Amino acid sequence: MNLLVTGGAGFIGSNFIFYEREQHPEDRIVCLDALTYAGNLSTLASVLDQPGFRFVKTDIRDRAAVFSLFEEEKFDIVVNFAAESHVDRSIENPGIFLETNILGTANLMDACRKYGVGRFHQVSTDEVYGDLPLDRPDLFFTEETPIHTSSPYSSSKAAADLLALAYYRTFDLPVSVSRCSNNYGPYQFPEKLIPLMIANSLADKSLPVYGTGENVRDWLYVEDHCKAIDLIMREGRVGEVYNIGGHNEMANIDIVKIILKELGKPESLITFVTDRKGHDMRYAIDPAKIHRELGWLPETMFADGIRKTIRWYLDNQEWWKTIVSGEYQQYYEKMYGNR
Ligand code: NAD
Ligand code: TYD
């Protein structure tokens, strides 16, 4: 099997590559990544020189480059992780989200059509459903919940997700789509909630909690997400959407307090800052379909996953300290300076 993983130098894509190398060492993997601010080749150091692995620095917006790679490689499966992924950045600059997340996805699917790829899997997000109210804990996102996005990020992901389903219906492209909740684990870029709070705690910097910190996310350990995608792309039905989530809802403020406690830091580091524009209140996934059809269940309890994650950031300080120096400092100042 020849597999293309786009966005494999990012957080989930790299964890997926590690998972695949371990579970299916017989498969060949090509990782395509533009190495934007969020992509880091050093993350892939352990697999870069392995036989059966190839890294290609390409931008999915570059249609000609994408087509020429497909011509050369004859992929069996394409899994699309490549995306601009940070909501706050999409509020600052929506344009690149439309280019990468929508047009880039279209380029990949057009190449899949032309070269007869057996499966295109689109890694989508639960954010396409918008949000749920805090006072209705009985409500969950199912695959039938209407698409109702809030941010330029989630809107661009919804467009790509719907385009994938349209390519199935219109062109018979063998597509599957997964909509997952928030991930955490090793190699997550330190602009996202959990790694940002770990990095700031270790530096005794203030922890910027948006609004009141009551917003709820449904956290899933990244390896559980990787396992779900692997199952869907190999055994899932084409033309179908699968929700992925582990019934692990937590308020942001509680996550931040857990991190402080684990690191032995005081809660006085918490600073409530101006809320995110259009901030989604609550995400909560109903994962019944993927459990019923593919037998998937999350394996990592949050208490274990968060400890493993904190341990990883403690043991791999060089990885994230390189990232939080330089250009990232300007980003941080711009986003949090006057908040
Ligand atoms: P990330 O930002 O850590 O990684 C994105 C990767 O894509 C980076 O390596 C980057 O260099 C690459 N990339 C960006 N633009 C590109 C382009 N134009 N061409 C080629 N490569 C490009 O993101 P992540 O958190 O690993 O998310 C991966 C995917 O999973 C995204 O599609 C995201 O929408 C989706 N998702 C993420 C979460 C989450 O909690 N992180 C949850 C559900 C779904
Ligand atoms: P994030 O990790 O950006 O993921 P998403 O917005 O895709 O869910 O944020 C998770 C939650 O944490 C979200 O409700 C916003 C909040 N948040 C903060 O309170 N402070 C921060 O500095 C960041 C980055 C996020």
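The chain is numbered in sequence order, starting from 1. Numbering of ligands and ligand atoms starts at 1, following listing order. These numbers come from a predicted model, not from an experiment.
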Ranking Ser85, Gly39, Ser178, Gly8 by closest non-hydrogen atom to atom 23 (O) of ligand 1, top hit is Ser85
Residue selection (non-hydrogen contact nearest atom 42 (C) of ligand 1) among Gly185, Gly13, Ser181
Ser181
Lining ligand 2 at under 4.0 Å, by non-hydrogen atom distance, are residues His86, Val87, Glu127, Asn182, Glu191, Lys192, Leu193, Leu196, Met197, Pro208, Val209, Tyr210, Asn215, Arg217, Asn252, Arg276, His279, Tyr283, Tyr336
For ligand 1 and Asn80, I'd like to know whether there is a polar contact (N/O to N/O, distance under 3.5 Å).
no
Checking heavy-atom distances from atom 14 (C) of ligand 1 to each of Gly7, Ala83, Ala9, the winner is Ala83
Relative to the heavy atoms of Leu35, which atoms of ligand 1 are at a distance of less than 4.0 Å?
11 (O)
Within the 4.0 Å heavy-atom cut-off, what Lys157 brings close to ligand 1 is side chain
Atom 41 (N) of ligand 1: which protein heavy atom is closest, and how many Å away?
Ile12 CD1, 3.6 Å
The protein heavy atom nearest to atom 40 (O) of ligand 1 is Asn183 N, 2.8 Å
Counting heavy atoms under 4.0 Å, the part of Thr58 that contacts ligand 1 is backbone
Numbering the atoms of ligand 1 from 1, which are under 4.0 Å from a heavy atom of Asn182?
40 (O)
Can the ring centroids of Phe75 and Tyr115 be said to lie less than 6.0 angstrom from one another?
no
Out of all atoms in ligand 1, which are within 4.0 Å of some heavy atom of Phe81? Include the element for each.
28 (C), 29 (C), 31 (C), 32 (O)
Starting from atom 30 (O) of ligand 1, locate the nearest protein heavy atom and write down its residue, its atom name and how far away it is, to 0.1 Å.
Val123 CG1, 3.5 Å
By the definition side-chain hydrogen bond (donor to acceptor under 3.5 Å, both in side chains), identify the one residue from Glu293, Arg179, Lys289 that meets it with Tyr242.
Glu293
List ligand 1 atoms under 4.0 Å from Tyr153, heavy atoms only on the residue side.
33 (C), 34 (O)
